[in-house]
Chemist: 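First, the structure itself, so that you have it in front of you.
This is a predicted model, so every value here is computed, not measured. All residue numbers refer to positions in the sequence shown, counting from 1.
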Amino acid sequence: MNRLWYLVGLLLVLAGLVHLGVFVVDGGPWEGAVSWRKPFTFGVSFGLSVLTLTWVSQFIRLRAHHLWLGAFAAASTVEVALITVQAWRGVPSHFNLETVVDSAIARALAGGGGVLVAIAIIMTGAAFRANPDLAPSMRLAVRAGFATLLAAMAFGAVMIARGVVEVVTGNQQLAYTVAVTLKSAHAVFMHGVLLLPALAWLLARTPHPEDVRLCLVRLATWTYLVFAAAVSALALIGITFVSPSTASMLCAGAISGLALAVLALGRLKRWRADDADRSLMTSDGPAGGSTGSRSNAELGGPSHQSD
């Protein structure tokens with residue numbers, strides 16, 4: 001089933017990139033409630049989230065995790081689809097209660113967001129359960145990553161709540177303004193669940209002992225948290241160096257790009273190791289014990305100490 005969720009994630013990312021092309025060709029505003037930016041950024045962000053949770057789910061113990069991943073992928077697809085429909089209709093997607101159709105879409109988006117938050121909470125709880133199969137460095141990375149994901153969800157919920165309050169009180173246009181002020185805070189926390197486990201995964205494929213890997217993951221975690229907290233604090237007091245939408249895109253892009261680069265580097269190193277193993281087996285016969293050693297590394301390396 002994981003292949004299906006990976007496919008869904010890739011298609012969402014592709015849909016987002018297609019709308020970046022639409023923006024380049026068609027033009028229009030980058031900021032605002034109606035922009036080709038929205039299907040682009042939401043498609044890429046939700047696609048990365050589906051890909052990330054599918055990959056990271058192998059490091060947590062969660063019953064029926066394929067069902068939870070399927071629900072997350074389905075909710076993400078609905079979110080992106082509805083936002084895309086509204087972009088093509090030329091109307092706002094969130095907080096838009098102008099017509100019956102717009103109201104139904106806005107409520108569906110809010111409901112889908114609730115589903116995503118609920119699944120994130122469930123998976124975070126699973127991440128904090130004991131799992132002796134994980135090395136301490138990977139255990140820390142996964143737990144910290146899911147904690148930052150919940151922080152991102154919390155900021156997203158605050159954004160929606162502030163917008164809904166303005167809509168209910170009759171300030172429809174103000175809703176679009178107040179809701180975007182925390183975008184950078186939401187974005188900077190969103191993809192730590194990919195960045196930190198990706199780093200631990202790569203370190204598990206280096207010759208460094210586990211205590212060194214654990215120290216490096218701790219350093220990366222605290223560095224990331226300090227940076228994210230600084231961005232969030234500035235957002236809370238209304239200070240941004242670029243527009244909120246651009247800041248959110250830059251944060252998400254930088255974090256996700258680093259994590260994907262780490263994974264790509266790790267995969268490249270593994271391919272080279274596999275080639276070396278095949279060469280060794282061809283010349284000298286099978287090397288005993290190598291398969292088992294690599295199997296342990298798949299879960300972040302063998303666990304010889306507690307964190």
Chemist: Run the salt bridge (charged side-chain N to carboxylate O under 4.0 Å, His left out) test against Arg61 and tell me which residues pass, sequence neighbours left out.
Modeler: Asp133

Chemist: Would you check if Glu98 and Val91 make a side-chain contact, meaning some heavy-atom pair closer than 4.5 Å?
Modeler: no

Chemist: So, taking the atom named CE in Met190 and the one named OG in Ser49, what distance separates them when rounded to the nearest 0.5 Å?
Modeler: 3.5 Å

Chemist: Do Leu4 and Trp55 land in one hydrophobic cluster if side-chain heavy atoms of ILVMFWY residues count as linked below 4.5 Å?
Modeler: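 Looking at the clustering, Trp55 is in the same group as Leu4.
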
Chemist: Just wondering, do Leu82 and Ser93 contact through their side chains at under 4.5 Å, heavy atoms?
Modeler: no

Chemist: What distance do His208 atom NE2 and Leu216 atom CG have between them, rounded to the nearest 0.5 Å?
Modeler: 6.5 Å

Chemist: Looking at Val188 and Ser232, what are the two nearest heavy atoms and their distance?
Modeler: CG1-OG, 4.2 Å

Chemist: Decide side chain to side chain contact (heavy atoms under 4.5 Å, CB included) for Ser57 and His66; before the verdict, give the C-alpha distance in whole Å, the side-chain angles of both, and the deciding distance to 0.1 Å.
Modeler: CA-CA 9 Å; Ser57 66; His66 287 302; over 6 Å; no

Chemist: With heavy-atom distances below 4.5 Å as the criterion, would you say the side chains of Arg143 and Phe59 are in contact?
Modeler: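 No, their side chains stay 4.5 Å or more apart.
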
Chemist: Which heavy atom of Leu219 sits nearest to which heavy atom of Thr223, and what is that distance?
Modeler: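 Closest approach of Leu219 to Thr223: O-OG1, 2.8 Å.
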
Chemist: Could you report the tightest heavy-atom contact between Thr148 and Val193, atom names first, then the distance?
Modeler: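 Result for this residue pair: OG1-N, 3.9 Å.
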
Chemist: Atom CD1 of Ile83 and atom CZ of Phe40: how far apart are they, to the nearest 0.5 Å?
Modeler: 13.5 Å

Chemist: Between Val80 and Val34, is there a shared hydrophobic cluster once you connect ILVMFWY residues whose side-chain heavy atoms come closer than 4.5 Å?
Modeler: no

Chemist: About how many Å separate CD1 of Ile160 and NE2 of His186, when rounded to the nearest 0.5 Å?
Modeler: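 One finds 8.5 Å between NE2 of His186 and CD1 of Ile160.
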
Chemist: Please report the closest heavy-atom contact between Asp102 and Arg89, naming both atoms and the distance.
Modeler: OD1-NH1, 2.7 Å

Chemist: Decide yes or no for Val142 and Val56: does some side-chain heavy atom of the first lie under 4.5 Å from some side-chain heavy atom of the second?
Modeler: yes

Chemist: Do Leu149 and Leu53 touch side chain to side chain, with heavy atoms closer than 4.5 Å?
Modeler: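 Sidechains of Leu53 and Leu149: in contact.
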
Chemist: Can you see which heavy atom on Phe189 is nearest to which on Ala229, and at what distance?
Modeler: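 That would be CZ-N, 4.3 Å.
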
Chemist: In Å, rounded to the nearest 0.5 Å, how long is the span from CG of Leu62 to CZ of Arg129?
Modeler: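 The distance works out to 6.5 Å.
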
Chemist: Please confirm whether Arg218 makes a cation-pi placement over Trp222, using NZ or CZ under 6.0 Å from the six-membered ring centre and within 45° of the ring normal.
Modeler: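 Not satisfied by the 6.0 Å and 45° rule.
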
Chemist: Among Leu134, Leu196, Leu214, which one satisfies side chain to side chain contact (heavy atoms under 4.5 Å, CB included) with Leu140?
Modeler: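 It is Leu214, the one option of Leu134, Leu196, Leu214 that forms the side chain to side chain contact (heavy atoms under 4.5 Å, CB included) with Leu140.
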
Chemist: Members other than Leu7 in its cluster, when Ile, Leu, Val, Met, Phe, Trp, Tyr link by side-chain heavy atoms under 4.5 Å?
Modeler: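 Cluster partners of Leu7: Leu11.
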
Chemist: Centroid separation under 6.0 Å, is that true for the rings of Trp5 and Phe72?
Modeler: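 No, ring centres 6.0 Å or more apart.
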
Chemist: Do Phe128 and Met138 share a hydrophobic cluster, counting only Ile, Leu, Val, Met, Phe, Trp and Tyr and linking them when any side-chain heavy atoms are less than 4.5 Å apart?
Modeler: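 Each belongs to a different hydrophobic cluster.
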
Chemist: Side-chain contact, heavy-atom cut-off 4.5 Å: Pro29 with Arg37?
Modeler: no

Chemist: Hey, can you tell me if Phe46 and Phe42 have their rings parallel, tilted or perpendicular (30° and 60° cut-offs)?
Modeler: parallel

Chemist: Got a donor-acceptor contact below 3.5 angstrom from the Tyr224 side chain to the Gly192 backbone?
Modeler: yes

Chemist: Could you tell me which non-hydrogen atom of Ala126 sits nearest to which non-hydrogen atom of Ile60, and how far apart they are?
Modeler: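 Looking at all heavy atoms of both residues, the closest pair is CB-CD1, 4.1 Å.
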
Chemist: Does Ser35 reach the main-chain N or O of Trp30 with its side chain, forming a donor-acceptor pair under 3.5 Å?
Modeler: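 Pair found, side chain donor or acceptor close to backbone of Trp30.
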
Chemist: Counting C-beta onward and ignoring hydrogens, is there a side-chain heavy-atom pair between Gln86 and Lys38 closer than 4.5 Å?
Modeler: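 In short, these two side chains do not touch, never coming nearer than 4.5 Å.
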
Chemist: Taking the side chain as everything from C-beta on, heavy atoms only, tell me whether Gln58 gets closer than 4.5 Å to Asn2.
Modeler: no

Chemist: Taking Trp36 as the starting point, is it possible to reach Val85 by hopping between hydrophobic residues whose side chains are less than 4.5 Å apart?
Modeler: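 Result: no, two separate clusters.
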
Chemist: How long is the gap from CG on Leu12 to CG on Leu17, to the nearest 0.5 Å?
Modeler: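 Rounded to the nearest 0.5 Å, the CG-CG separation comes out at 11.0 Å.
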
Chemist: Tell me whether Val50 is reachable from Leu10 by hopping between hydrophobic residues (I, L, V, M, F, W, Y) whose side-chain heavy atoms are closer than 4.5 Å.
Modeler: yes

Chemist: With no hydrogens and no angle check, is any side-chain donor or acceptor of Asn96 less than 3.5 Å from a backbone partner on Pro92?
Modeler: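 Flag set: sc Asn96 to bb Pro92 pair under 3.5 Å.
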
